[in-house]
Structures are given as C-alpha cells and as structure tokens.
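Count residues from 1 along the sequence. Just so you know, these numbers use all the heavy atoms, side chains as well, and skip hydrogens, waters and symmetry mates.
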Amino acid sequence: QVQLVESGGGLVQPGGSLTLSCAASGGTLDSYAIGWFRQAAGKEREGFLCTKPSDALPHYGGTYYADSVKGRFTVFRDNAKSTVYLRMNSMKPDETAIYYCAADFTRQYYSPSIHMVPSNYDSWGRGTQVTVSS
C-alpha cells in the first residue's frame, strides 16, 4: 500500500515562502491525481489545488488552483523521486494550518470538480504544520 508523507512545514514570516513535499513510499505518484488541502484550527479541511496525473491526456487541462492561492502557489512533480512539491510564496497569517497531500488511486480520470473534494481521495498523508507569523 502506498503511503504519503508530507514534510517541509514550519514557521514562516508573512510574505515569506515555503516548499512542502509529499513523498510516496511503496509506490509512485506519477499516474494519479494529487490534491493539496489545509485545515486551520476549528475549521473544515479546505482544498486549494489539485493536479492531474503526469500521463494524463492534454484535454484534462492543467493544475487547478483555488482563487485564494492562484499566482502564489505552484505544484510540481519529481516522478523519479515519487514526490510532489508545493511551493508557497507570499504567505499570509490566515494560511496557518496543517497541510495535507492526498492521492486518488482509484479513478482513471481527472477532474477538478472531483479532485477538489476531500472525500474523493483514498490516501492521505498525516499532514505538516505551517505557521505564518512574525
């Protein structure tokens, strides 16, 4: 069974940058949709981006970013390392949360309307804490 492990969290100043990693053990991630979510204290888990499998056909489109992170966050894959990275720039204090990656090992297609919904993923990492504060 493929397990996901997030890393790279920590304390970052407002306006600063951080890069998170989502590494797979026991398998690869290149053929699966990946989502990134975050959950602030007392709030529901929020999806803010999803990305298609590396081998997905072009008509599936590209990575979907929620408006709240568009232009500041970027996701990219290193398939040789079975790792997905999340680069976060210009971070804001209200983005303090536990950040999770998730993989959909079930579906053979990709759709942001599906892959922005937490319940549509069947594998999750344990999360990594990100704190944005001066």
Side-chain angles (χ1 to χ4, degrees):
Q1 183 177 359
V2 180
Q3 293 185 327
L4 305 180
V5 179
E6 301 94 338
S7 62
L11 176 65
V12 59
Q13 291 188 343
S17 299
L18 204 61
T19 299
L20 305 183
S21 301
C22 173
S25 62
T28 63
L29 296 178
D30 53 309
S31 296
Y32 306 102
I34 301 294
W36 280 94
F37 298 80
R38 58 191 178 190
Q39 188 165 17
K43 296 188 177 181
E44 293 187 355
R45 192 166 298 188
E46 168 199 28
F48 58 89
L49 74 83
C50 59
T51 188
K52 65 179 180 179
S54 298
D55 54 1
L57 295 176
H59 72 269
Y60 282 113
T63 297
Y64 175 86
Y65 295 92
D67 288 343
S68 59
V69 304
K70 194 175 296 182
R72 299 187 297 118
F73 289 14
T74 305
V75 68
F76 52 99
R77 296 176 182 256
D78 184 338
N79 290 331
K81 296 182 178 179
S82 297
T83 300
V84 178
Y85 298 94
L86 173 66
R87 176 67 175 178
M88 305 183 292
N89 296 325
S90 302
M91 296 203 70
K92 306 173 183 179
D94 62 1
E95 294 181 313
T96 294
I98 300 174
Y99 283 68
Y100 300 89
C101 64
D104 178 3
F105 293 116
T106 301
R107 294 172 183 81
Q108 301 300 313
Y109 61 90
Y110 166 77
S111 170
S113 64
I114 297 293
H115 291 107
M116 287 294 286
V117 179
S119 60
N120 289 328
Y121 286 90
D122 45 25
S123 184
W124 290 82
R126 293 186 174 183
T128 185
Q129 175 71 45
V130 173
T131 301
V132 186
S133 176
S134 55

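Taking 4.5 Å as the limit, every side-chain heavy atom of Y100 sits out of range of all side-chain heavy atoms of L4. Side-chain contact between T51 and F76 is absent, with no heavy atoms from C-beta onward closer than 4.5 Å.
Counting only distance, with no hydrogens or angles, the side chain of N120 and the backbone of I114 share a donor-acceptor pair below 3.5 Å. Side-chain N or O atoms of T83 include one that pairs as donor or acceptor with a backbone N or O of K81 at under 3.5 Å. Although no hydrogens or angles enter the test, the distance criterion places no donor-acceptor pair under 3.5 Å between the side chain of R77 and the main chain of S82. The closest donor-acceptor contact from the side chain of Y110 to the backbone of G62 lies under 3.5 Å. For T128 (side chain) and G9 (main-chain N/O), a donor-acceptor pair under 3.5 Å exists by modelled atom type. The backbone N or O of S90 sits less than 3.5 Å from a side-chain atom of R72, completing a donor-acceptor pair.
In terms of heavy atoms, N79 sits closest to S54 at ND2-OG, 3.0 Å. Between D104 and T106, the shortest heavy-atom contact is OD1-N, 2.9 Å. Nearest approach of D122 to F105, heavy atoms of both residues: OD1-N, 3.0 Å. Shortest non-hydrogen contact noted between P14 and S134 is CD-N, 3.6 Å. In terms of heavy-atom proximity, G10 sits nearest to L18 at N-CD2, 4.0 Å. Taking both residues in full, the closest heavy atoms of V2 and S123 are given as O-OG, 3.6 Å, listed atom of the first, atom of the second, then distance.
In the hydrophobic cluster analysis, where Ile, Leu, Val, Met, Phe, Trp and Tyr join through side-chain heavy atoms closer than 4.5 angstrom, Y64 is grouped apart from F73. V75 and V12 end up in the same hydrophobic cluster when Ile, Leu, Val, Met, Phe, Trp and Tyr side chains are linked at under 4.5 Å.
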- Kindly determine whether V84 and W36 satisfy side-chain contact (heavy atoms from CB on, under 4.5 Å), including the steps that lead there. CA-CA 10 Å; V84 178; W36 280 94; 3.9 Å; yes
- Check the pair S133, L11 against side-chain contact (heavy atoms from CB on, under 4.5 Å), reporting the backbone distance first and the verdict last. CA-CA 7 Å; S133 176; L11 176 65; 4.1 Å; yes
- Message: Determine whether D94 and V132 satisfy the following criterion, side-chain contact (heavy atoms from CB on, under 4.5 Å), listing intermediate values before the conclusion.
- Response: CA-CA 7 Å; D94 62 1; V132 186; over 6 Å; no
- Task: Would you sort out whether Y32 and K52 count as a side-chain contact (heavy atoms from CB on, under 4.5 Å), showing the intermediate values?
- Result: CA-CA 7 Å; Y32 306 102; K52 65 179 180 179; over 6 Å; no
- Task: Give the C-alpha distance, both sets of side-chain angles, the deciding distance and a yes or no for ring-ring contact (aromatic ring centres under 6.0 Å, His included) between Y121 and H115.
- Result: CA-CA 7 Å; Y121 286 90; H115 291 107; 5.7 Å; yes
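Separating the CD1 atom in I34 from the OG1 atom in T63 is a distance of 11.0 Å, to the nearest 0.5 Å. Here Q3 contributes atom CD and S25 contributes atom OG; the two are 5.0 Å apart, rounded to the nearest 0.5 Å. Within the model, atoms CG of L86 and CG of L49 stand 6.0 Å from one another, a figure rounded to the nearest 0.5 Å. A distance of 11.0 Å separates OG of S21 from CZ of R87, quoted to the nearest 0.5 Å. Between the CE atom of M88 and the OG1 atom of T19 there is a distance of 7.5 Å, given to the nearest 0.5 Å. Atom-to-atom distance recorded for E46:CD and S68:OG is 5.0 Å, nearest 0.5 angstrom.
In summary, of the residues considered (E6, R38, M91), a side-chain contact (heavy atoms from CB on, under 4.5 Å) with V130 occurs for M91 alone. For the ring-ring contact (aromatic ring centres under 6.0 Å, His included) with F37, the lone residue among W124, F48, Y99 that qualifies is W124.
Residue pairs that meet the disulfide (SG to SG under 2.5 Å) test with at least one member in residues 103-134, sequence neighbours left out, do not exist here.
For Q13, the side-chain hydrogen bond (donor to acceptor under 3.5 Å, both in side chains) criterion is met by no residue, not counting sequence neighbours.
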